[in-house]
Amino acid sequence: SKQRSMSSASSNANARLGEQIWQKMPKMNAEFFTLTYGSLVVQLVKDLEDVQKVNEQLEKMGHSIGMRLVDEFLAKSGVTNCSDFAETADVIAKVAFKMFLGVAVDVTSWNAEKTACSLLLYDNPLADYVELPVNVDLYYSNILCGVIRGALEMVQLRVEAYFVRDTLRGDDVNEIRLELKERIKDEMAEEYRRE
Amino acid sequence: QPLAPPALARTMIYNMYIFNRLGHCLYYREWHMNPQRPNDEEKQRLVYGSLYSLNELVQKMASVKPKDGMLTIKTNVFTMHQFHTASGMRFVLNTDNNAGDLRQNMYHIYAMIWVECVVKSPLWSPASTKPVDSPLFDRQLQTYLEGLSCFR
């Protein structure tokens, strides 16, 4: 299918949808959310010691969350099919991030093939009040990358998502790079393939 | 106990299947079925396999892209309603031929009952291939279907 940029009209429609659903979502106390996540990360750092392992574990946990979250997302947003990856990215940024975290996210820096882009998060509720020691290679919010990967896997898209800029590491904005690797073909369980 | 007395019956519901995206049957429930034709794995595979093939057929033959996941198959003895989510789940409801468009109802079962009772349950995993054991889901599904005027 022809790759195109999201028209601003459709992107605005997605932003409105995101706002509408955010209004209706059950809410929890923001500080409680931040502190709970913080405790989780601290515990992982203590248990695993190696920062790379912590990054991996956060991503893995996010992946499990994403696999569940996708159905709640589809159910509440009513989004059915995205015609191309540009639309998928816009829906993630404007609808999903808005309805689950209440934050506005921009999609930028598309490559020529329209298979990779950046998600810019100006606000990150996970990282409120958090300070990292200098020169630590921890991607504190790496769980978000896993959530995106797990959710998209359930709609037949294999992607890689990783932080390239992180305000906790001194950057001015949070930037997650999102790359489409392949469209997963319909798979069937073992017992069907035999026949 | 039938869902509706024969004189007032509008639609009779026969059974329901829920498949995950790999074709594993996560849920089966029947209401008015011939007891000599019990549910078994072979029948489940037949249902899933047929729907999978039909979906391929629709994708290859249709001149317009379908905008939602609803597929209705009417035979001379029953109607099969399939709601296919973007995440690959298939909700399949078999009724007699008096049922109208069950799109909204099936969406409700997915969004309000399946997601709330099963997906959000810590006792269930999306990677699970076994039938779901959730009394909460059973109850809410039963209550919802009994409350629908078309099934009274």
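Quick note: numbers below take in every heavy atom, side chains included, and nothing from hydrogens, waters or symmetry partners. By convention in this document, chain letters (A, B, ...) are assigned in the order of the sequence lines, proteins followed by strands, and residues within each chain are numbered from 1.
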Between atom [atom1] of [X] and atom [atom2] of [Y], what is the distance when rounded to the nearest 0.5 Å?
X: Gln156(A); Y: Ser87(B); atom1: CD; atom2: OG; result: 9.5 Å
X: Ile184(A); Y: Arg21(B); atom1: CD1; atom2: CZ; result: 6.5 Å
X: Ser121(B); Y: Arg68(A); atom1: OG; atom2: CZ; result: 7.0 Å

Heavy-atom distance under 4.5 Å to chain A: side chain of Met112(B), backbone, both or neither?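 Neither part.
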
With a 4.5 angstrom heavy-atom cut-off, is it the side chain or the backbone of Glu116(B) that approaches chain A, or both, or neither?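 Just its side chain gets close to chain A.
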
Which members of residues 71-79 of chain B, sorted by number, sit under 4.5 angstrom from chain A on a heavy-atom basis?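 Within residues 71-79 of chain B, no residue comes under 4.5 Å of chain A, counting heavy atoms only.
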
Hydrophobic cluster membership, [X] vs [Y], 4.5 Å side-chain cutoff:
X: Val136(A); Y: Val164(A); result: no
X: Tyr122(A); Y: Leu178(A); result: no
X: Leu48(A); Y: Val41(A); result: yes

Nearest non-hydrogen partners of [X] and [Y], listed with the distance:
X: Ala86(B); Y: Thr80(A); result: CB-O, 3.5 Å
X: Pro126(B); Y: Met154(A); result: CB-CE, 4.3 Å
X: Tyr107(B); Y: Leu74(A); result: OH-O, 3.4 Å

If you count every heavy atom of other residues, nucleotides or ligands that lies below 6.0 Å from [X] atom [atom1], does the total exceed 12?
X: Lys53(A); atom1: NZ; answer: no
X: Asn12(A); atom1: CG; answer: yes
X: Lys24(A); atom1: NZ; answer: no
X: Gln104(B); atom1: CD; answer: no
X: Lys76(A); atom1: NZ; answer: yes
X: Met28(A); atom1: CE; answer: yes
X: Gln23(A); atom1: CD; answer: yes

Asp71(A) portion near chain B, given a 4.5 angstrom heavy-atom threshold: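 Contact with chain B: backbone and side chain both.
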
